[in-house]
Structures are given as structure tokens and as C-alpha cells.
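One structure is given below, encoded as C-alpha cells.
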Amino acid sequence: MTEGCGTGGCGVLTPAQQRVLREHGTERPGSSPLNDEKRPGLYHCAGCGAVLFESSAKYESGSGWPSFFAAREGAVGLTPDTSHGMVRTEVHCAACQGHLGHLFPDGPPPTGLRYCMNGVVLDFHPETASG
């Protein structure tokens, strides 16, 4: 399985993906079908195909966005974000620099972190039975 398609991306982004990944937008809370995704698998960047999160790190945060307590090692980067009159930590794809969401220190054990992600920029690949 390829870890990513590079900075050129894997294909054409939808307008919603473009708005979030490249323009630092946010999807409406509760709008992502990935909120209810419970199958084992991997979450990839919709912008470049890099593997970002494993389903074993996903949990229900009640925030309205897909949430994870850990990212895949080296898969994401963090940047201070002082927009909207608050201090937050932006999460971006380490491979293509696309905006994914924000990191908060209110998650469950073992990390205490909540990677609050925009589902529109995640591409879920379920595990296959033949694996």
C-alpha cells in the first residue's frame, strides 16, 4: 500500500475538500459520515493519499467531527493557530501540508489528546478480509 501520492495529490479535490485542505475551512459539525464509521481500517489524506490515522485510535468525542487520540507517527504536523480570536493548534498533513483540523488537550487515555478532524478531507480505507 502506498503511503502517499506526493504533493501533487491523488486527483481532483471536491469544492468542500479544496475549501478545507487548501483554504483552512471547516466542515459543519455532524456532517461527516465518518463520524459513525466503526470498521477497522486506515484514514488517508484526501489531498495526497498519505496514511494519517488508524481506526484503533478513533473514538466518539461528541464534538461532531471524527476524532482520534493519536496520529500515525510522522503523518501530521502541528502549527500554532491564533485565528478567530483564540489560540489553537492546527493539524496538517505532513506530506502535502493540507489543513486537517485542530488538536486539543481534552482527549481520552492513553494520550489525553483529541485530533478533531474534518471528515471531508479524510479518505477511509477499510481493512479487507483477505489481509
Side-chain angles (χ1 to χ4, degrees):
M1 180 179 293
T2 184
E3 288 292 314
C5 302
T7 57
C10 290
V12 177
L13 297 174
T14 67
Q17 289 171 326
Q18 174 72 26
R19 189 175 64 74
V20 174
L21 273 173
R22 307 295 181 232
E23 300 168 16
H24 294 79
T26 301
E27 69 186 358
R28 276 187 356 268
S31 65
S32 175
L34 293 180
N35 287 339
D36 298 323
E37 182 58 66
K38 307 284 191 241
R39 295 174 291 172
L42 298 172
Y43 292 82
H44 296 248
C45 175
C48 73
V51 178
L52 303 171
F53 299 97
E54 298 177 16
S55 60
S56 59
K58 187 173 186 282
Y59 73 100
E60 177 51 57
S61 69
S63 67
W65 290 277
S67 297
F68 303 84
F69 60 77
R72 196 117 186 241
E73 188 172 338
V76 301
L78 305 175
T79 306
D81 177 1
T82 57
S83 65
H84 304 292
M86 61 184 102
V87 178
R88 301 181 292 176
T89 300
E90 178 194 357
V91 178
H92 58 268
C93 175
C96 73
Q97 303 303 305
H99 172 74
L100 302 171
H102 289 89
L103 177 64
F104 300 97
D106 60 2
T111 65
L113 300 174
R114 174 172 52 104
Y115 289 84
C116 187
M117 302 293 97
N118 289 284
V120 70
V121 298
L122 299 177
D123 185 15
F124 178 67
H125 295 220
E127 268 184 22
T128 60
S130 64

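Start at 1 with the first residue, then count along the sequence.
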Side chain to side chain, [X] and [Y], heavy atoms closer than 4.5 Å:
X	Y	value
His24	Glu90	yes
Pro126	Pro40	no
Thr89	His102	no
Leu21	Leu100	yes

Can you give me the closest heavy-atom contact between [X] and [Y], atom names plus distance?
X	Y	answer
Thr26	Arg19	O-NH2, 3.0 Å
Val120	Ala46	O-CB, 4.2 Å
Tyr59	Pro108	CZ-CD, 3.2 Å
Leu122	Pro66	CD1-CB, 4.4 Å
His44	Val51	CE1-CG2, 3.3 Å
Trp65	Asn35	C-OD1, 3.2 Å

Using the rule that two of Ile, Leu, Val, Met, Phe, Trp, Tyr join whenever any of their side-chain heavy atoms come within less than 4.5 Å, decide whether Phe69 and Leu103 are in one cluster.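 Result: no, two separate clusters.
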Hydrophobic cluster membership, Leu113 vs Phe104, 4.5 Å side-chain cutoff: no
For Arg72, is there an ion pair with Glu54 - N to carboxylate O distance below 4.0 angstrom? yes
Salt-bridge contact Glu37-Arg39 (side-chain N to carboxylate O under 4.0 Å): yes
Please list, chain by chain and in numerical order, all residues satisfying side-chain hydrogen bond (donor to acceptor under 3.5 Å, both in side chains) with Ser63, sequence neighbours excluded. Ser61
If we count only N and O atoms by modelled type, under 3.5 Å, do the side chains of His99 and Glu23 hold a donor and an acceptor together?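 Their side chains do not contain a donor-acceptor pair, so the 3.5 Å distance test is not met.
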Polar side chain donor-acceptor pair, Gln97 to His92, under 3.5 angstrom: yes
Show your reasoning for whether side chain to side chain contact (heavy atoms under 4.5 Å, CB included) applies to Ser32 and Asn118. CA-CA 8 Å; Ser32 175; Asn118 289 284; over 6 Å; no
Do Cys96 and Arg22 pass the side chain to side chain contact (heavy atoms under 4.5 Å, CB included) test, and can you show the C-alpha distance, the side-chain angles, and the key distance before you say yes or no? CA-CA 10 Å; Cys96 73; Arg22 307 295 181 232; 3.7 Å; yes
May I ask you to check whether Phe68 and Tyr43 place their ring centres under 6.0 Å from each other? yes
SG of Cys45 to CZ of Phe53: how many Å apart, nearest 0.5 Å?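 Reported value, rounded in 0.5 Å steps: 10.0 Å.
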Nearest 0.5 Å, please: how far is OG in Ser67 from CG in Leu34?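 One gets 11.5 Å once the value is rounded to the nearest 0.5 Å.
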